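Read through the structure below, which is laid out as structure tokens, and then see the notes.
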Amino acid sequence: MKQQHNILVIGGTGKTGRRVADLLQQKNQHVRIGSRSQDPPFDWQDPATWTAALEGMDRVYITYHPDLAVPGAYEAITGLVAAAKKAGVQKLVLLSGKGEREAERCEDVVATSGLDYTLVRASWFNQNFSESFFLEPVLSGRVAMPMPEARIPFVDADDIAEVAVEVLLNDAHNGQTYEISGPRLLTFAEAVSEIAEATGRNIQFQPVSLEDYAQGMEAQGVPAPVIWLFKYLFTEVLGNPRNSEVTRDVAKVLGRPAKDFRTYAREVAATGAWTPKVTMI
Ligand SMILES: NC(=O)c1ccc[n+]([C@@H]2O[C@H](COP(=O)([O-])OP(=O)(O)OC[C@H]3O[C@@H](n4cnc5c(N)ncnc54)[C@H](OP(=O)(O)O)[C@@H]3O)[C@@H](O)[C@H]2O)c1
């Protein structure tokens, strides 16, 4: 029988964490979810909650919410790593962003911690269209976004989770940094067209300037730090040529190709998640 570990999955009800927790449980690992809604709770904004969440854990999967690029993330990761060492944790796996300078500062904290570690740098997730900020626009039938020229190797959260589980459980990956992407580059217009095709719905892509996009968010009452994050993601991340590279690390770690956006779109369409709700009066 494979060794059983006690693994804290931070963000374990989120896009990748939920999948990581499910896969680990299928492999008979002991999983504790780290999030505000759990018992004991884990809150990035409240370091007093970290010790109880880390107690008795030997490995930790770290996702930071909302993004490693936001102000305060570096200090939080630094504090968490210190608390993890104190708690006797042996290995850390950090989910990071590909080509994100701010995230690399956080990676350094993990890589120089003295603990075993693996860094997983991901491209933009497919699931941003189905489990996050682009779901509402897809449901509305009009997706307006800046950076229409960006070509993005969207990666699937299922692949990220499988890579995370493999590196959490297999020490042959210690000290490695994996850059994981999907198998091809798509513009936002192409991604939206794939979703329209998979759902059979008329969904339009509308390019907008970054200024108009930010103003639209402001008018909807989106908090200033979130607007800042979007601006950062659209300019620093999508504007970085390194982020339009297809990588082979999913195949390297899992021995199979990464999931294509079209497969993802068909899978999600079949669940009805992109079918607008009809309200009966
Ligand atoms: N989205 C992308 O395209 C992309 C691309 C590359 C890298 N990344 C990286 O991916 C990471 C995010 O991973 P993800 O998308 O899997 O997670 P996610 O879906 O954004 O995270 C949601 C999870 O975080 C928990 N959470 C929210 N606020 C929290 C807080 N204050 N304290 C503790 N837990 C909190 C939520 O549970 P509760 O509500 O119960 O607390 C939930 O479990 C970030 O570090 C980002 O840099 C994202």
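In each ligand, atom 1 is the first atom listed, and ligand 1 is the first ligand listed. All figures in this text were calculated on a predicted structure; none of them were measured in a lab. In this chain, numbering begins with 1 at the start of the sequence shown.
- Taking every non-hydrogen atom of D43 and a distance limit under 4.0 Å, the qualifying atoms of ligand 1 come out as 30 (C), 31 (N), 32 (N), 33 (C).
- Among R121, R36, E100, the residue whose heavy atom lies closest to atom 39 (O) of ligand 1 is R36.
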| message | Determine whether E107 and S96 satisfy the following criterion, side chain to side chain donor-acceptor pair (under 3.5 Å), listing intermediate values before the conclusion. | response | CA-CA 7 Å; E107 294 175 3; S96 181; 2.6 Å; yes
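- With distances taken over non-hydrogen atoms, the option nearest atom 47 (O) of ligand 1 out of D46, V155, T13, L68 is L68.
- The distance from ligand 1 to the heavy atoms of W124 drops below 4.0 Å at these ligand atoms: 3 (O).
- Residue contacts with ligand 1 include S96, since one of its heavy atoms falls under 4.0 Å from the ligand.
- When heavy-atom distances to ligand 1 are checked against a 4.0 Å cut-off, I33 has no atom that comes that close, whether in backbone or side chain.
- Of the candidates F133, W50, W44, F125, F125 brings a heavy atom nearest to atom 4 (C) of ligand 1.
- Sorted by first and then second residue, the salt bridge (Lys or Arg N to Asp or Glu O under 4.0 Å) pairs involving residues 158-170 (not counting sequence neighbours) are R19-D158, D158-K259, D159-R256, E162-R256.
- The existence of a salt bridge linking K91 and D171 is confirmed by a sub-4.0 Å separation between a basic side-chain nitrogen and an acidic carboxylate oxygen.
- Between the side chain of R201 and the backbone N or O of V138 there is at least one donor-acceptor pair closer than 3.5 Å.
- Under the side-chain contact (heavy atoms from CB on, under 4.5 Å) rule, V60 has a single partner from N6, I7, L8, which is L8.
- Using modelled atom types, one side-chain atom of T49 and one backbone atom of D43 make a donor-acceptor pair closer than 3.5 Å.
- Of the listed options T63, I160, N128, L95, L95 places a heavy atom closest to atom 10 (O) of ligand 1.
- Residue contacts with ligand 1: S123 is included, with a non-hydrogen atom under 4.0 Å away.
- At least one heavy atom of G12 sits closer than 4.0 Å to an atom of ligand 1.
- Listed for the T16 side chain is no donor-acceptor partner under 3.5 Å among the backbone atoms of I160.
- Environment of CZ in R18: crowded, with over 12 heavy atoms of neighbouring residues, nucleotides or ligands closer than 6.0 Å.
- Interface atoms of ligand 1 facing D67, defined by a heavy-atom separation under 4.0 Å, are 44 (C), 46 (C), 47 (O).
- Using a 4.0 Å cut-off between heavy atoms, H65 contacts ligand 1 through its side chain alone, with no backbone atom that close.
- Using modelled atom types, no side-chain atom of E194 and backbone atom of R262 make a donor-acceptor pair closer than 3.5 Å.
- In terms of protein heavy-atom proximity, atom 44 (C) of ligand 1 is nearest to Y64 O, 3.0 Å.
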